[in-house]
Amino acid sequence: LERLSHPTLPKQQQHLPSRRPRPASAAMVRPSMFALVASSVLALQAAAEAMVDCGGHFETGCDRCPQGNKWAWCNGDCTWMQDPVNADSGMCIPQVQLGGGLRGGAKFYYWSLQFLGGGFLMLAFACIYYSKIIVGPPRMNKITGVSGWRLGIFDCLKKPDTCLHVTFCLPVVVGKNYYAADMGFWPGCLISYALIYSPLYPIGVLFRILMSGKMQEKLGFTDNNFIVDCFYNLFCMPCVVGRESLEVDCETGAEIKCCCQLTQQFKVAVEVSNLLEKGEQSISRSCQRTCLPGGH
């Protein structure tokens with residue numbers, strides 16, 4: 001009975017190890033874990049990219065950042081654009097990154113507002129200046145080529161009225177100088193404003209250097225230095241325009257004071273005065289070169 005209940009196995013089968021199910025290998029588990037972690041990271045990255053940084057918290061859009069706190073909660077990736085009409089209203093907009101690293105959004109908006117607003121005020125003053133100084137009466141004289149002596153770059157500091165004009169109304173003074181040289185008041189005024197008060201300032205400097213050379217030729221000055229003109233116009237353009245304005249005023253016999261007050265001398269008297277002044281300067285220079293140190 002015992003043999004029947006426990007039958008004997010063949011010898012070959014008695015020594016065979018028992019077969020158990022093997023666990024999955026580590027090589028098969030690692031790829032699945034890596035895929036899980038990678039998918040989780042990508043999902044978190046996608047969720048983070050869908051949010052914007054408001055400065056202290058995250059939202060799905062810049063318009064949701066303020067939550068009633070206006071500009072105080074509009075930071076980070078967003079910026080606050082104030083309503084120019086109503087000081088209590090505005091909007092939170094994204095700071096768009098434009099080509100060349102220039103930030104757009106509100107900064108471009110504010111620059112445009114300032115450029116157009118300043119241009120409107122400058123245009124209004126230019127119209128008043130043109131009607132009172134250029135057209136008159138008396139109408140402003142033009143350059144005849146019989147000029148006095150060349151002034152220094154900082155001589156405009158001695159004239160407070162000229163300093164005020166070139167500081168706050170530089171394009172208008174440029175237009176006045178170009179009118180006296182038959183180069184046009186309005187083209188000089190408008191082009192100067194568009195180039196000087198914009199990112200096109202380097203082009204404005206080149207424009208000023210070109211026109212300054214023509215102005216010096218009109219005034220009868222031949223001692224022009226291109227490198228010096230470049231340096232002055234690049235770093236001290238108001239000084240150059242102020243000196244040019246004083247030279248034009250001396251040549252035309254005009255005296256301009258704030259605000260828009262013109263005193264005009266007769267053209268013939270101005271030409272005679274400039275000729276006498278130029279002759280005296282030439283005689284004094286020739287005397288300094290020929291006379292002995294003792295004055296004999």
Practice task
Assess whether atom CH2 of W186 is packed by more than 12 heavy atoms of other residues, nucleotides or ligands within 6.0 Å.
Solution key: yes
Exercise for the section: Kindly check if the number of other-residue, nucleotide or ligand heavy atoms within 6.0 Å of CE (M91) is above 12? Expected result: no
Handout entry: side-chain contact (heavy atoms from CB on, under 4.5 Å) between I133 and Y179, worked out
Key = CA-CA 11 Å; I133 301 298; Y179 166 81; over 6 Å; no
Problem - Listed partners of C62 passing disulfide bond (SG atoms under 2.5 Å apart), at least two apart - result: C78
Handout entry: Partner residues of C236 under the disulfide bond (SG atoms under 2.5 Å apart) criterion, sequence neighbours left out
Key = C239
Sub-4.5 Å side-chain heavy-atom contact between [X] and [Y]:
{"X": "E59", "Y": "C54", "value": "yes"}
{"X": "Y232", "Y": "I153", "value": "yes"}
{"X": "C92", "Y": "W73", "value": "no"}
{"X": "F221", "Y": "E247", "value": "yes"}

Got a second to check how far [X]'s [atom1] is from [Y]'s [atom2], nearest 0.5 Å?
{"X": "K218", "Y": "K214", "atom1": "NZ", "atom2": "NZ", "value": "9.0 Å"}
{"X": "I93", "Y": "D63", "atom1": "CD1", "atom2": "CG", "value": "11.5 Å"}
{"X": "S192", "Y": "M122", "atom1": "OG", "atom2": "CE", "value": "10.5 Å"}

Practice task
Determine, stepwise, if the pair K142 / T252 fulfils side-chain hydrogen bond (donor to acceptor under 3.5 Å, both in side chains).
Solution key: CA-CA 6 Å; K142 293 189 177 182; T252 57; over 6 Å; no
Problem - Residues clustering with F168 (ILVMFWY side chains joined when closer than 4.5 Å, directly or via others) - result: L164
Practice task
Report the residues that fulfil ring-ring contact (aromatic ring centres under 6.0 Å, His included) with F207, sequence neighbours left out, ordered by chain and then residue number.
Solution key: none
Practice task
Mind checking side-chain contact (heavy atoms from CB on, under 4.5 Å) for S198 and listing every partner two or more places apart, or none if nothing turns up?
Solution key: W111, F115, L200
Practice task
Would you name the heavy atoms of R208 and V240 that are closest together and state the gap between them?
Solution key: NH2-CG1, 3.6 Å
Practice task
Output, in order, the C-alpha distance, side-chain angles, deciding distance and verdict of side-chain hydrogen bond (donor to acceptor under 3.5 Å, both in side chains) for Q261 and E255.
Solution key: CA-CA 8 Å; Q261 299 178 9; E255 184 179 1; over 6 Å; no
Practice task
Carefully, step by step, assess M215 and Y178 under the rule side-chain contact (heavy atoms from CB on, under 4.5 Å).
Solution key: CA-CA 8 Å; M215 282 293 303; Y178 292 172; 4.0 Å; yes
Exercise for the section: Take the angle between the ring planes of F125 and H165 and call it parallel below 30°, perpendicular above 60°, tilted in between. Expected result: tilted
Exercise for the section: Determine, for D249 against K176, whether the closest basic-nitrogen to carboxylate-oxygen distance falls under 4.0 angstrom. Expected result: yes
Problem - Non-neighbouring partners of D155 that pass salt bridge (charged side-chain N to carboxylate O under 4.0 Å, His left out), sequence neighbours left out - result: K158
